[in-house]
There are 2 protein chains.
Amino acid sequence: MDTLSLGTLGQHLQALRLERGWSLSQLAAAAGIAKSNLSRLEQGNGNPTLDTIWRLAVQLGVPFGTLVAPISVPLGEHGVEVRLIDQGKESPQVDAYWMRCAPHTLRHAEPHTPGARESLTLISGRLEAGPEDDLHELRPGDSLTFAADRPHRYRTDNAWATLLLTIVYTHEGDAP
Amino acid sequence: MDTLSLGTLGQHLQALRLERGWSLSQLAAAAGIAKSNLSRLEQGNGNPTLDTIWRLAVQLGVPFGTLVAPISVPLGEHGVEVRLIDQGKESPQVDAYWMRCAPHTLRHAEPHTPGARESLTLISGRLEAGPEDDLHELRPGDSLTFAADRPHRYRTDNAWATLLLTIVYTHEGDAP
DNA sequence: TCGAAGTGTTCCTTTTAACGAACGTTCTAT
DNA sequence: ATAGAACGTTCGTTAAAAGGAACACTTCGA
């Protein structure tokens, strides 16, 4: 199970601060927290409050999870990490995912509901994806749309792959 | 400036717990925290520790930022909220954003670097978007790709719009 | 009908994160 | 050289988060 790495936060915090050329005192003052507090956090000790993390994230201009999440570690089960970004509640329903595959990963996906279509956009790396009988090689920036009501797969070679994935659940009776 | 909405965390926490059909006592026990603690958090009071948030996020199986980020609240300046999802570091560079526009919003976007292309996928709502002289009406599930090195715009009528947005910075000298 | 086991809440206590002042350094300018 | 101002650290105090027990309540089975 994942455990909280106290040191990670400190490293990220300091790295982000130095990237911006700020001193510890400056950042603490701007965020409205005591510099003793920030000092302790950067050293990897301590267990900051949500309020403290929030203030720091706002000042550093990072989306919050960035401060804590170990960037380089794949959290997924079998070399694949999937994160739900958003989920439409209208018709047709649209699910948006962020996905990351480790090198030499082969992921089979079961058919979705009839009429469902899937779109991929590769952000970085290389990826081979599509229906079993119609695979395509993607490079960063490339997009691919295919019918997702058939078995399909995602495969990486010797590189990581990061991509956006949207599934549109077009119902059978929908107007064209 | 963004301020910490204490109530938001509580709502999300409770919503996620109920989605899974768990009781407050169960979740608290599984996460290894006192149920009095969890109870207070769900009520919107309190300022949890990173350790506490972490344990809850792991148990609920959500990527951490989900607990805190206000889903339904437009934090953006002028009715537009934009969130960076990911940023490729290879060539061509790819930026992925999640974006949400309030009703009756008109957003002009300046031209990006030459050769840049932008792709939209509407998750929910209605949106009119594209280059100034070639606007398109999008419905959920629709996608649109256009050259982003010209002025373009996004406009909503009387509905919200949630979408994915990717910008591909294809350099001039890139191979086809 | 009456426990027994669950729910979520409200206290009080203990622990500890955040604060603020003092500290030793380093660097600059007078 | 030397006073000044910055840096990041360490320390004792204070505010508050987390823990734990009791609480009133509902649900279920004997």
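Lettering follows sequence order; numbering is per chain, from 1. Bear in mind the structure is a predicted one, so any value in this text is a computation, not a measurement. The figures that follow rest on heavy atoms only: side chains count, while hydrogens, waters and symmetry mates do not.
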> In whole Å, what is the span from the CG atom of Leu38(A) to the P atom of dA17(C)?
Replying inline: 15 Å

Taking N or O atoms only and anything under 3.5 Å, show me the protein contacts with nucleotides 4-6 of chain D, one pair per line.
none

> In whole Å, what is the span from the CG atom of Asp51(B) to the P atom of dA17(D)?
Replying inline: 15 Å

>> Checking side-chain contact (heavy atoms from CB on, under 4.5 Å) between Tyr154(A) and each of Val80(A), Thr105(A), Leu120(A), Leu106(A), which is the one that passes?
In response: Leu120(A)

>> On DNA chain C, compare the nucleotides closest to Leu18(B) and Pro48(A); which residue's is nearer the 5' end?
In response: Leu18(B)

>> My understanding is that only residues two or more places apart in sequence, or in another chain, count here; which of them pass ring-ring contact (aromatic ring centres under 6.0 Å, His included) with Phe146(A)?
In response: His152(A)

> When Tyr97(A) is tested against each of Thr166(A), Leu165(A), Leu164(A) for side-chain contact (heavy atoms from CB on, under 4.5 Å), which residue passes?
Replying inline: Leu165(A)

> Which distance, rounded to the nearest 0.5 Å, do you find between the CD1 of Ile123(A) and the CH2 of Trp98(A)?
Replying inline: 8.0 Å

>> Is the shortest side-chain heavy-atom distance between Gln43(B) and Ser39(B) below 4.5 Å?
In response: yes

> Can you name the closest pair of heavy atoms from Pro140(B) and Val94(A) and give their distance?
Replying inline: C-CG2, 3.9 Å

> Roughly how many Å is it from CG in Asn45(B) to P in dA18(D), rounded to a whole number?
Replying inline: 12 Å

> Whole Å only: how far is the CG atom of Leu50(A) from the P atom of dA16(D)?
Replying inline: 15 Å

>> Test of understanding: with salt bridge (Lys or Arg N to Asp or Glu O under 4.0 Å), list the residues that count as partners of Arg117(B), not counting sequence neighbours.
In response: none

> What's the CZ-C1' distance between Arg55(A) and dC19(C), to the nearest Å?
Replying inline: 12 Å

> Are any of Arg17(B)'s side-chain N or O atoms less than 4.0 Å away from OP1 or OP2 of dG8(C)?
Replying inline: yes

> Of all heavy-atom pairs between Ala116(A) and Tyr169(A), which one has the smallest distance, and what is that distance?
Replying inline: CB-CD2, 4.1 Å

>> Whole angstroms only, please: what is the CG-C1' distance between Leu56(A) and dA17(C)?
In response: 14 Å

> Expressed in angstrom and rounded to an integer, what is the separation of Asn47(B) atom CG from dA18(C) atom C1'?
Replying inline: 10 Å

> For the helix from dT7(C)-dA24(D) to dT30(C)-dA1(D), what angle lies between the axis at the first five pairs and the axis at the last five pairs, to 10 degrees?
Replying inline: 30°

Polar atoms only, N or O, under 3.5 Å: list the protein pairs with nucleotides 9-14 of chain C and their distances.
from, atom 1, to, atom 2, distance (Å)
dT9(C), OP2, Ser39(B), OG, 2.7

>> Do the side chains of Arg150(A) and Asp133(A) get close enough for a salt bridge, i.e. N-O under 4.0 angstrom?
In response: yes

> What is the distance, rounded to the nearest whole Å, between atom CG of Leu41(B) and atom P of dA16(D)?
Replying inline: 16 Å

>> Can you list everything that forms a salt bridge (Lys or Arg N to Asp or Glu O under 4.0 Å) with Arg153(A)? Sequence neighbours excluded, please.
In response: Glu132(A)

> Does the pair Leu50(A) and Thr52(B) meet the rule for a side chain to side chain contact (heavy atoms under 4.5 Å, CB included), with working shown?
Replying inline: CA-CA 10 Å; Leu50(A) 178 58; Thr52(B) 297; over 6 Å; no

